[in-house]
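What follows is one structure encoded as structure tokens, with my remarks underneath.
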4 protein chains.
Amino acid sequence: MTNKQILSSVKDRQLVEKRRQQIIKAAITLFKQKGFHRTTTREIAKQSGFSIGTLYEYIRTKEDILFLVCDSIYEQVKRRLEEVIQLQASTEDTLSHVVRAYFELIDDMQDEVVVMYQEVKSLKKESRDYVLQKEREMVDMFKAMLYKYLPYKISEVDAELVANNIFVQGQMWGFRRWMLQKQFTLETYIERQLYYLRKALAVKVP
Amino acid sequence: MTNKQILSSVKDRQLVEKRRQQIIKAAITLFKQKGFHRTTTREIAKQSGFSIGTLYEYIRTKEDILFLVCDSIYEQVKRRLEEVIQLQASTEDTLSHVVRAYFELIDDMQDEVVVMYQEVKSLKKESRDYVLQKEREMVDMFKAMLYKYLPYKISEVDAELVANNIFVQGQMWGFRRWMLQKQFTLETYIERQLYYLRKALAVKVP
Amino acid sequence: MTNKQILSSVKDRQLVEKRRQQIIKAAITLFKQKGFHRTTTREIAKQSGFSIGTLYEYIRTKEDILFLVCDSIYEQVKRRLEEVIQLQASTEDTLSHVVRAYFELIDDMQDEVVVMYQEVKSLKKESRDYVLQKEREMVDMFKAMLYKYLPYKISEVDAELVANNIFVQGQMWGFRRWMLQKQFTLETYIERQLYYLRKALAVKVP
Amino acid sequence: MTNKQILSSVKDRQLVEKRRQQIIKAAITLFKQKGFHRTTTREIAKQSGFSIGTLYEYIRTKEDILFLVCDSIYEQVKRRLEEVIQLQASTEDTLSHVVRAYFELIDDMQDEVVVMYQEVKSLKKESRDYVLQKEREMVDMFKAMLYKYLPYKISEVDAELVANNIFVQGQMWGFRRWMLQKQFTLETYIERQLYYLRKALAVKVP
DNA sequence: GATGAATGAGAGTTCATTCAT
DNA sequence: TATGAATGAACTCTCATTCAT
């Protein structure tokens with residue numbers, strides 16, 4: 001799965017993987033600055049450290065690059081979120097720990113996250129659906145946590161809502177920096193969001 | 001303010017205003033379908049009902065159109081939000097009423113809202129800042145409401161946070177339709193968000 | 001029919017016609033020198049006397065140019081052949097007159113004819129079929145003449161064969177110059193071909 | 001002669017010959033489908049069964065491949081024509097036999113012949129002249145036959161004309177299939193062409 | 001001898017913008 | 001004011017050819 005679906009004329013699977021990481025890294029840097037549409041394939045090639053011809057040995061169209069980028073970021077975020085959940089799995093107040101870890105993760109991958117949310121919509125339906133599936137899965141992780149760690153039974157609809165709220169509040173930290181950063185550090189942001197989350201969920205932990 | 005800053009070679013102020021409304025309407029229709037970058041000025045002219053030459057009598061660059069569109073939408077949303085606040089100003093549980101009205105407004109202007117949030121980032125810094133100022137003002141309206149109607153004194157930081165949360169939950173209804181619509185109608189969405197909002201704010205109203 | 005099927009973004013029909021004649025003329029000149037594939041659209045634009053952008057206001061793809069060229073040449077050859085037939089319609093030995101006129105016509109349009117036969121095959125099936133239909137019609141004119149002016153009844157199969165032979169002997173004069181021109185002038189070529197044609201058809205005229 | 005003039009970095013003469021046969025076979029297959037210009041060297045390498053690198057060990061440019069192909073086909077046609085002439089050399093009505101054999105040969109090598117005539121023009125002058133020399137030689141064979149087997153003395157000019165006509169009528173069977181095949185089988189085509197040829201030449205044989 | 005990754009000139013095409021009418 | 005033909009910079013993508021392994 002993942003990159004596999006994008007054809008490359010180069011046979012060496014390892015090399016393909018390496019080159020694609022270079023492409024992704026370069027593309028994120030550039031998309032961050034000027035967005036997908038204003039970034040040219042030549043610029044991506046140059047930033048990747050090879051020629052335009054070489055770039056096209058590893059992708060077929062410019063859209064492929066966008067897909068690679070979005071897919072890679074979603075995959076990373078999701079993987080890191082999974083790791084966190086696995087680790088925290090037995091602590092008390094796991095909910096808070098995971099939400100905190102999620103917000104930290106977003107902060108850490110800030111640039112990537114911004115790029116991703118700005119550009120997924122430029123993917124054509126098929127690729128977009130594929131990528132958004134991962135978002136669905138992340139929200140589902142939050143739902144699963146709510147079911148598991150809440151001291152009472154939450155309805156499915158409410159779990160869906162709260163999970164989405166958490167998810168979006170994470171994005172918000174990436175996206176609305178320009179508005180939030182005057183008053184919040186990551187730490188205060190997490191702390192206050194958790195405060196209200198616990199109140200909303202009537203969880204009394206720490 | 002607003003359009004005034006964009007130069008037009010046509011002198012008749014009224015005509016300028018009329019034509020620009022046509023342009024904005026046409027552009028929103030098209031941006032909704034294909035986004036700003038994939039829409040051509042020719043298409044906008046055609047959809048507006050006049051020639052490409054005429055289009056350029058009322059704007060100077062393609063970016064101007066984007067600015068016109070974003071500015072117009074923000075302005076509308078903001079104006080409608082102000083109206084709502086004015087109207088509801090004396091009811092008990094004004095908070096709920098306004099939030100509800102805001103969510104309904106977003107639902108009503110769904111297409112415009114999506115277009116706006118997808119494309120503001122394509123504006124160059126200066127125009128973007130100008131437009132985002134309106135977003136700041138909207139958030140401030142929510143903050144003002146919290147100060148005014150909450151039965152206790154909320155800290156500025158918390159007001160900022162909650163106002164942003166409300167604001168973003170509105171956007172969320174416009175943006176995350178693909179994820180939410182299986183389980184929510186506008187009514188249930190509003191109802192459940194308000195439920196959690198009240199719990200978080202420890203407001204016990206209805 | 002003809003050009004009509006190729007879309008142009010320019011509205012003025014007369015202008016379209018005029019510009020396309022320029023394009024056709026330029027393209028023939030260039031195709032003659034280097035063939036379709038080795039000629040660039042930029043070169044065609046330049047030779048046409050306008051910019052690359054303007055070229056693309058009158059055609060959509062490079063293939064369109066090839067179609068325009070082939071179609072135009074076939075149309076001309078066919079039209080001139082029809083005129084000749086009309087004019088000669090009552091003379092005795094009309095057959096010889098028409099064949100002679102046809103050979104002269106080929107000689108006159110030598111460059112065009114060579115270009116046409118070299119490049120039709122590069123058209124995609126649909127366009128090619130459309131153009132070749134005109135060749136079919138020309139052969140049919142010869143067949144019609146054989147039926148009408150031969151002093152005996154020729155079978156359909158034989159009419160088909162002889163008509164094709166005449167047609168191809170015309171092309172041959174355009175195509176095989178490199179081989180024929182050492183020994184033939186147009187006049188001697190026509191004279192000897194007609195000599196053998198009459199013998200083959202057992203027509204004794206002049 | 002022949003391939004010898006095309007340089008190869010590989011020393012083993014036999015291997016060169018073997019590889020080139022592979023290349024020629026692959027190229028004909030591909031040129032038949034998409035023509036010379038639309039076929040890439042990579043495709044030729046793949047179809048030949050080796051890598052692009054290896055391909056370039058046996059040729060220097062893409063044009064070399066075209067030359068190899070054209071030359072090889074001309075050589076084959078010519079060789080087979082010579083064999084036929086040798087064999088039939090003593091029969092009465094040799095003329096008919098050879099012409100018949102020539103038409104059958106064309107039918108047999110139809111694909112190759114079509115490829116060849118479509119693409120020779122893409123060779124650069126020098127190579128083209130080299131290849132066309134073989135065509136000259138074939139026409140000369142027909143001329144020689146006319147001198148030898150006609151019961152009267154034919155002028156050189158007429159011999160040239162008739163030889164070319166025969167030659168072109170052969171090509172015609174390869175090239176104008178789309179027009180001829182509704183009414184002719186190879187057999188009827190040969191039979192009717194011979195019928196008219198004999199009448200034209202006033203040969204009364206069978 | 002064989003391989004295939006790398007190269008980059010160059011091709012076709014688009015589209016924001018201008019300006020004469 | 002309105003029009004739309006003209007422009008050309010800029011973009012994506014291809015492919016013949018090379019060369020280190």
Side-chain angles (χ1 to χ4, degrees), chain A residues 8-12 15-16 19 37-46 49-65, chain B residues 8-12 15-16 19 37-46 49-65, chain C residues 8-12 15-16 19 37-46 49-65, chain D residues 8-12 15-16 19 37-46 49-65:
Chain A
S8 161
S9 58
V10 173
K11 307 286 178 63
D12 183 337
L15 188 56
V16 171
R19 290 277 178 265
H37 285 102
R38 296 203 213 271
T39 302
T40 71
T41 50
R42 271 185 164 74
E43 287 170 323
I44 297 171
K46 193 172 181 187
F50 34 70
S51 71
I52 183 68
T54 300
L55 177 68
Y56 275 90
E57 294 286 314
Y58 296 93
I59 52 143
R60 270 178 320 169
T61 68
K62 193 187 175 191
E63 246 242 17
D64 282 354
I65 301 177
Chain B
S8 160
S9 58
V10 174
K11 301 287 170 249
D12 182 340
L15 187 55
V16 170
R19 291 277 180 265
H37 285 102
R38 296 201 214 271
T39 301
T40 68
T41 49
R42 275 172 155 88
E43 289 170 321
I44 296 171
K46 192 173 182 187
F50 35 71
S51 73
I52 183 69
T54 301
L55 177 69
Y56 273 87
E57 296 289 321
Y58 296 94
I59 52 145
R60 267 174 327 161
T61 69
K62 193 187 174 191
E63 246 241 16
D64 282 353
I65 302 177
Chain C
S8 161
S9 57
V10 173
K11 307 285 177 67
D12 183 337
L15 187 56
V16 171
R19 291 277 178 268
H37 286 101
R38 293 202 215 271
T39 302
T40 71
T41 51
R42 275 182 165 77
E43 289 169 322
I44 296 171
K46 192 170 183 187
F50 33 71
S51 73
I52 184 68
T54 299
L55 177 68
Y56 274 89
E57 294 285 314
Y58 296 93
I59 53 144
R60 270 177 323 168
T61 68
K62 193 186 175 192
E63 245 242 19
D64 282 354
I65 302 176
Chain D
S8 162
S9 58
V10 175
K11 302 289 172 249
D12 182 338
L15 187 53
V16 171
R19 290 276 180 264
H37 285 101
R38 295 200 213 273
T39 301
T40 68
T41 50
R42 273 172 156 90
E43 289 171 321
I44 296 170
K46 192 173 182 187
F50 35 71
S51 73
I52 184 68
T54 302
L55 177 69
Y56 273 86
E57 296 288 321
Y58 297 95
I59 52 146
R60 270 174 325 161
T61 69
K62 193 185 175 192
E63 246 240 19
D64 282 354
I65 301 176

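In the text below, chain A, chain B and the rest are named by the order of the sequence lines, each starting its count at 1.
If you measure from atom NZ of D/Lys46 to atom P of E/dT3, you get 14 Å, rounded to the nearest angstrom. The NZ-C1' distance, from D/Lys11 to E/dA2, rounds to 15 Å in whole Å.
Remark: A/Ile44 CD1 to A/Thr41 OG1 distance equals 6.5 Å, nearest 0.5 Å. Taking OG1 of A/Thr40 as the start and NZ of A/Lys46 as the end, the distance is 10.0 Å to the nearest 0.5 Å. One distance of note links CG of C/Asp12 with CZ of C/Arg19; it measures 9.5 Å at 0.5 Å rounding.
Closest approach of A/Arg38 and A/Glu43 over heavy atoms only: O-OE1, 3.8 Å.
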Donor-acceptor pairs under 3.5 Å, side chain of residues 49-59 of chain C to any protein atom, not counting sequence neighbours: which ones?
| from | atom 1 | to | atom 2 | distance (Å) |
| --- | --- | --- | --- | --- |
| C/Ser51 | OG | C/Gly53 | N | 3.4 |
| C/Ser51 | OG | C/Thr54 | N | 3.2 |
| C/Ser51 | OG | C/Thr54 | OG1 | 3.1 |
| C/Glu57 | OE1 | C/Ser9 | OG | 2.8 |
| C/Glu57 | OE2 | B/Arg42 | NH2 | 3.2 |

B/S/- contact track for nucleotides 6-13 of chain F, protein heavy atom under 4.0 Å: BBBBBSBB
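Counting only Watson-Crick and G-U wobble pairs whose two distances sit under 3.5 Å, DNA chain F takes part in these stems of three or more pairs: E:2-21 with F:2-21.
In terms of modelled atom types and a separation under 3.5 Å, the side chain of A/Lys62 and the main chain of A/Thr39 share a donor-acceptor contact.
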